[in-house]
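Take a look at the structure below.
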Amino acid sequence: MNLEELIKNHPLIGEMAAGKEVVWVNPELTGFPASMEGVSVSAEEIAEAEARLTRFAPFIQACFPETEKTGGLIESPLREISAMKDALNLRLDSGIKGRLFLKMDSNLAVAGSVKARGGIYEILTFAEELALTHGLITKEDNYTKFADPEIRRFFSGHSIHVGSTGNLGLSIGIISAALGFDVYVHMSADAKQWKKDLLRSKGVHVIEYSGDYGKAVKEGRDLAVGKPDSYFVDDENSKNLFLGYAVAANRLKHQLDTQGITVDREHPLIVYIPCGVGGAPGGITFGLKQVYGDCVHVFFVEPTEACCMALGMISGLHNQISVQDIGLSGKTEADGLAVGRPSKFVGKTIRHMLSGEFTIRDEKLYRYMKLLMDTENIFIEPSSCAAFEGPARLAGAPETAEYLKAHGLASHMENAAQIVWATGGSLVPEDVRKEYYQKAEELENR
Ligand SMILES: *Cc1c(COP(=O)(O)O)cnc(C)c1O
């Protein structure tokens, strides 16, 4: 790869290489039907994933009492945040129109982050296949049977490996341990201490590496692949993770319907999701497109130093390029987004579905975090706060202002529902929350 030539062909990559915040509108976005051509995932597979989660609901409810109110479904509230909207408009002159909502995957049961969707689904899929193959269960059984000592003993002879910056490890670790598997989480240097401690307290083996996320994934893969009793959760390529995330879309539709919020051409839905390797935001985007087609517009947000998905999509090189290749560090306080190389599978799947991307400097994460606490008394982790860059800049940035006009949205923004996807936070310990808040105050007073 020749960097000079890459920048000549894509001047925006030059800005990204210089560490600047950018706004990118995807020139390859097409209408929904065309975007599905050649895609290897289908709406039927999302329906199968929903059915599988329903089969497991009694087991989840039995293992995790906090899911009792939802009958064993792991789902999060959709909350309107008008005070935050007003603050963004007043303080940052964001010009947000319509209604602003927070999709609180920060508070998902079991794992406290968006990873409770994909990670848990992937392990349940593996466990079900294993149990069916070995005649330990039938699909008609009540799945509380998965808590039986016989099945747990059988699972304990199987190991699960996953590479993680933190939250994926939490989700895979907790559900795997609940099923009785022998689970190993390979953690990158960015991983927070409290996440490692929490996992160890659940009997999960945590292996630490000095390198970045890519290294942790590679080590996990090398240890697991080729061993008949080992399973490797491949965050960079897993279709099952993607499907678990995609299930969010129908659930969200149900919530919007229940709250009386219309989505159609005159009432657009605009969604902002923080992006790491791409699985979570990609799966959610894919699901939302199946439900709302051209009426939904999805933007990702990434840290300036770890803008791997934007880089892969703009260059068209996907996982063949890393942020280090353009001289960026890949280091960010947003541990959930500290990924240098994007998923190949996701970039190619949503290439014609994603509306665009914003990148954000780290200190702004804390500014949004504090603003949300001060206005709504809601805490979400810094990684998660990246999503606020979307509504904060949509109307003002020339690139996205143009997008709104080109798609006939400009005149309908008063009717729009805008959703900031909060991807993590509820498990963050109180002392760590205090540290974050203090840091935010210091940044504000500087
Ligand atoms: C993992 C994560 C994301 C992004 O998900 P990817 O699948 O890595 O793109 C966003 N926010 C938080 C808090 C996360 O843990």
Side-chain angles (χ1 to χ4, degrees), residues 1-31 34-35 37-39 211-215 236-237 272-279 281-282 285 297-332 334 337-365 386-387 389-390 392-407:
M1 189 211 63
N2 179 332
L3 183 57
E4 229 169 87
E5 196 158 314
L6 190 68
I7 292 177
K8 209 175 105 214
N9 293 337
H10 308 282
L12 204 60
I13 295 182
E15 310 258 302
M16 288 154 66
K20 291 189 186 148
E21 288 184 338
V22 300
V23 179
W24 171 67
V25 166
N26 183 7
E28 296 196 67
L29 175 70
T30 65
S35 75
E37 276 168 30
V39 165
D212 70 356
Y213 172 74
K215 173 121 185 292
E236 292 172 330
N237 292 294
Y272 310 94
I273 320 175
C275 178
V277 74
T285 302
H297 306 264
V298 186
F299 291 88
F300 290 176
V301 188
E302 292 184 288
T304 48
E305 288 291 321
C307 50
C308 66
M309 183 57 72
L311 181 61
M313 301 269 280
I314 295 169
S315 64
L317 293 171
H318 301 290
N319 66 330
Q320 299 299 312
I321 191 167
S322 75
V323 299
Q324 285 82 8
D325 292 337
I326 64 165
L328 294 172
S329 68
K331 290 195 167 45
T332 163
L337 317 179
V339 180
R341 189 184 295 278
S343 158
K344 168 182 169 188
F345 159 65
V346 171
K348 291 191 174 163
T349 305
I350 62 164
R351 198 166 139 211
H352 303 298
M353 301 177 190
L354 183 67
S355 292
E357 279 230 23
F358 299 84
T359 66
I360 180 175
R361 275 181 294 116
D362 275 10
E363 66 248 39
K364 282 162 96 179
L365 302 172
E389 187 70 355
R393 299 207 53 201
L394 183 82
E399 297 85 349
T400 38
E402 182 55 38
Y403 176 95
L404 296 181
K405 268 199 229 143
H407 289 262

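Nothing here was measured: the structure is a model prediction, and the numbers come from that model. Sequential numbering from 1 along the given sequence is applied to the chain's residues.
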Holding to salt bridge (charged side-chain N to carboxylate O under 4.0 Å, His left out), I want the full list of residues that pass it with [X], two or more places apart in sequence or in another chain.
X	value
Glu363	Arg361
Lys348	none
Glu15	none

Quiz item: Testing Gln320, Met313, Met309 for side-chain contact (heavy atoms from CB on, under 4.5 Å) with Pro342, which one passes?
Solution: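 Option passing the side-chain contact (heavy atoms from CB on, under 4.5 Å) with Pro342: Met309.
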
Practice problem: Given side-chain contact (heavy atoms from CB on, under 4.5 Å), test Leu6 with Ser315 step by step and report yes or no. | Solution: CA-CA 7 Å; Leu6 190 68; Ser315 64; 3.9 Å; yes

Quiz item: Does the separation of the ring centres of His318 and Phe345 fall below 6.0 angstrom?
Solution: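 For His318 and Phe345, the ring centres are not under 6.0 Å apart.
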
Quiz item: Just by modelled atom types, is the Val346 backbone N or O under 3.5 Å from a matching donor or acceptor in the Ser343 side chain?
Solution: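 Checking the backbone N and O of Val346 against the side chain of Ser343, a donor-acceptor pair under 3.5 Å is found.
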
Quiz prompt | Side chain Glu357, main chain Val25, donor-acceptor under 3.5 Å | solution =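 Checked: no pair found.
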
Practice problem: Determine, step by step, whether Phe299 and Asn26 satisfy the side-chain contact (heavy atoms from CB on, under 4.5 Å) criterion, reporting the C-alpha distance in whole Å, the side-chain angles of both residues, the deciding distance to 0.1 Å, and the verdict. | Solution: CA-CA 10 Å; Phe299 291 88; Asn26 183 7; over 6 Å; no

Any side-chain heavy atom of [X] sitting closer than 4.5 Å to one from [Y]?
X	Y	result
Glu302	Pro274	no
Ile326	Leu3	yes
Asp362	Pro303	yes
Arg341	Val277	no
Ile360	Thr304	no

Please give me the minimum heavy-atom distance between [X] and [Y], naming the atom from each residue.
X	Y	answer
Ala386	Leu337	CB-CD1, 4.0 Å
Thr400	Leu394	OG1-O, 2.8 Å
Gly278	Cys275	CA-SG, 3.7 Å
Val23	Ala397	CG2-CB, 3.9 Å
Pro281	Ile273	CB-CG2, 3.7 Å

When rounded to the nearest 0.5 angstrom, what is the spacing between [atom1] in [X] and [atom2] in [Y]?
X	Y	atom1	atom2	result
Ile350	Met353	CD1	CE	8.0 Å
Ser355	Tyr272	OG	OH	9.5 Å
Ile314	Met16	CD1	CE	4.5 Å
Ile7	Leu12	CD1	CG	10.5 Å

Self-check item: NZ/Lys331: more than 12 non-hydrogen atoms of other groups inside 6.0 Å
Solution: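 Counting other residues, nucleotides and ligands, NZ of Lys331 stays at 12 neighbours or fewer.
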
Exercise. Would you please test Arg393 and Glu21 for side-chain contact (heavy atoms from CB on, under 4.5 Å) and show each step?
Key: CA-CA 11 Å; Arg393 299 207 53 201; Glu21 288 184 338; 4.1 Å; yes

Exercise. Could you walk me through whether Glu389 and Thr359 pass side-chain contact (heavy atoms from CB on, under 4.5 Å), step by step?
Key: CA-CA 8 Å; Glu389 187 70 355; Thr359 66; over 6 Å; no

Self-check item: SB check Arg351 Glu28 (cutoff 4.0 Å)
Solution: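 Answer for the salt bridge query: yes.
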
Quiz item: Does the distance from a Lys or Arg side-chain N to an Asp or Glu carboxylate O, for Glu236 and Lys344, drop under 4.0 Å?
Solution: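 Judged by the 4.0 Å cut-off on N to carboxylate O distance, Glu236 and Lys344 do not form a salt bridge.
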
Self-check item: Exercise: do Ser329 and Glu305 side chains pair donor with acceptor under 3.5 Å
Solution: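 Yes - a donor-acceptor pair under 3.5 Å links their side chains.
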
